[in-house]
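Just follow the structure's listing: the first ligand is 1, and inside any ligand the first atom is 1.
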Amino acid sequence: MSILLKGGTVVSANGSRQADILIEGEKIARIGSRLDAKEAQVIDVAGKLLFPGFIDTHTHFDLDNGVFMTADNFETGTMAAVAGGTTTVLDFATQNKGETLEEALENWHKKADEESSCDYGFHMAITDWNASVKEEIPVMTKEGVTSYKLYMAYDSLRVSDSEIYQVLKAVAAENGIVGMHCENGDLVNEGIAEEKAAGHFKPSAHPASRPDTVEAEAIYRYMAIAKIAGAPVNIVHLSTERGLELIKAARKEGQKVYIETCPQYLLLNDETYSLPDFEGGKYVMSPPLRKPSDQEALWRALREDTADTIGTDHCSFRFQGQKDYGKDDFSKIPNGAPGVEHRPALIYHFGVREGKITKEQMCRLLAENPAKLFGMYPQKGVLLEGSHADIVVWNPEQEWVIEAKTQVQNVDYTPYEGIRVAGRPEMVFLRGEKVAENGEVLKKNRGTYVHRGPCEYF
Ligand code: URP
Ligand code: ZN
Ligand code: ZN
């Protein structure tokens, strides 16, 4: 059965044009004007924008933080993703201490396979580096994993500078990329201890314990190590202007540094931590929310094409029963917030409609760049003949309100509660099949594993 999307505006990173799209099976068969296909089901999409299915390259589903499992697993997290227009997620398979990477990968396949409602791939988070793990890097490439994450903070996850250096060299040899959680772990520990010693236990102590320089120092150190290793790097969840300026300086010297930021760092700031009744606990994530001046700098980075991708860092914990574990001690609040469902609508409304970025830039940040950097292009991330028919039919006018009570995410709050936005995915096609409509999932469990290739260092 073929489907003909008629009369929409096809959006790409380089421009938009009015065209019809003919879907045959899982792929886009033709794009052109006044297409005709006798057998096809014709869907009138006049007045709608046709985006490539959005890609969220930063989710944590079914993650054990040592005390709690995240509220969203692959079943609920990927349903929330497609409901909001995201057709592919890259989640962080995380190696436990003593585990091989193959064991970690198998573990994540068990969590995701047959459960997922959008396509999915994995970055590998390495926490226990040694000579035999090094030998597994080419094995990971064969398994379709070409990107990694390391942590410079969190005592149970972080690695040393020499380990970072070795991982970078091993991954660069495979044309892969290493994303880094850039916070100086020692300084974070000092900051937490000092806040507590001063009697500060509320959520407002969280940003105080991890100031912007803690991120900036780690970014600088990471880039210095990468320079010596001769490796390109990705800075995930960039939150500060200070860090951004250091990256710009390194790029001027010829270094390949990619930047991911997230909706929360663009749209929310550290005033949230002072909300009464422990409401600030909802926003405890790392790095923390920052100042309005940081938000402005990050928007500027998007507008000037300095930042490359927008991921969510979706890491959801329920407010009741999980976040409130840290009601009397901010350092016990599980870190992270939900976002996978609402990223496209938030970026469209606050970015495109408010004139901060163009719809073509949104397409580049949420689809094309993620597909290129993480080895999925042109199968995904772009609407081309032969590409996967992952298509979002975007109604640019539909107004709606983001609310926990209507969201698909399996969590009892959203950081964006009550925000009215214009623009919504009216239909979402995953490899040719309509899987969601107006925020509701029509077909579950249609996701398949994305075996990714080498990274494109654009
Ligand atoms: O607070 C956050 N972001 N939790 C998720 C883990 C991470 O560092 O990305
Ligand atoms: Zn992180
Ligand atoms: Zn993360």
(request) Hey, can you tell me if His58 and His237 have their rings parallel, tilted or perpendicular (30° and 60° cut-offs)? (result) tilted

(message) Could you tell me, atom by atom, which parts of ligand 1 come under 4.0 Å of a heavy atom of His181?
(response) 7 (C), 8 (O)

(message) List ligand 1 atoms under 4.0 Å from His58, heavy atoms only on the residue side.
(response) 9 (O)

(request) Taking only Lys NZ, Arg NE, NH1 and NH2, and the carboxylate oxygens of Asp or Glu, determine whether Arg446 and Glu433 approach each other closer than 4.0 Å. (result) yes

(request) Report the part of Lys149 in contact with ligand 1, treating N, CA, C, O as backbone and CB onward as side chain, heavy atoms under 4.0 Å; options are side chain, backbone, both, neither. (result) side chain

(request) May I ask you to decide whether Glu417 forms a salt bridge with Lys282, counting only side-chain N to carboxylate O separations under 4.0 Å? (result) no

(message) Which residue and atom name correspond to the protein heavy atom nearest atom 4 (N) of ligand 1, and how close is it?
(response) Asn335 O, 3.5 Å

(request) Pick one of side chain, backbone, both or neither for how Met285 approaches ligand 1, counting any non-hydrogen atom pair under 4.0 Å. (result) both

(message) Between the Zn ion (ligand 3) and Asp313, which N, O or S atom of the residue is the nearest one?
(response) OD1

(request) Check whether the ring centres of Phe330 and Phe201 lie less than 6.0 Å apart, and answer yes or no. (result) no

(message) When you measure from the centre of the six-membered ring of Tyr457, is the NZ or CZ of Lys256 closer than 6.0 Å and no more than 45° off the axis?
(response) no

(request) Identify, by atom number and element, the atoms of ligand 1 in contact range of His237, meaning under 4.0 Å from any of its heavy atoms. (result) 8 (O), 9 (O)

(request) Could you tell me if the ring centre of His123 sits under 6.0 Å from that of Tyr148? (result) no

(request) Taking the Zn ion (ligand 2) as the vertex, measure the angle between atom NZ in Lys149 and atom NE2 in His237; round to 10°. (result) 120°

(request) Measure from the Zn ion (ligand 3) to each N, O or S atom of Cys315 and report whether any distance is below 2.8 Å. (result) no

(message) Checking a contact table here: which protein heavy atom is nearest atom 6 (C) of ligand 1, and how many Å away?
(response) His60 NE2, 3.6 Å

(request) Tell me whether His181 has at least one N, O or S atom under 2.8 Å from the Zn ion (ligand 3). (result) no

(message) Does only the side chain of Phe92 get under 4.0 Å from ligand 1, or the backbone, or both, or neither? Count heavy atoms.
(response) neither

(message) Under 4.0 Å between a side-chain nitrogen and a carboxylate oxygen: does that hold for Arg251 and Asp308?
(response) yes

(request) Just let me know how Asp313 lines up against ligand 1, side chain, backbone, both or neither, with a heavy-atom cut-off below 4.0 Å. (result) side chain

(request) Would you mind running through ligand 1 and noting each atom that sits below 4.0 Å from a heavy atom of Tyr151? (result) 8 (O)

(message) Would you say the ring centers of His109 and Phe122 fall short of 6.0 Å from each other?
(response) yes

(message) Any salt bridge linking Glu368 with Lys372? Criterion: basic side-chain nitrogen under 4.0 Å from a carboxylate oxygen.
(response) yes

(message) Students should be able to answer this: which protein heavy-atom is nearest to atom 2 (C) of ligand 1, and at what distance?
(response) Ser286 O, 3.6 Å

(message) For Asp329, is there an ion pair with Lys332 - N to carboxylate O distance below 4.0 angstrom?
(response) yes

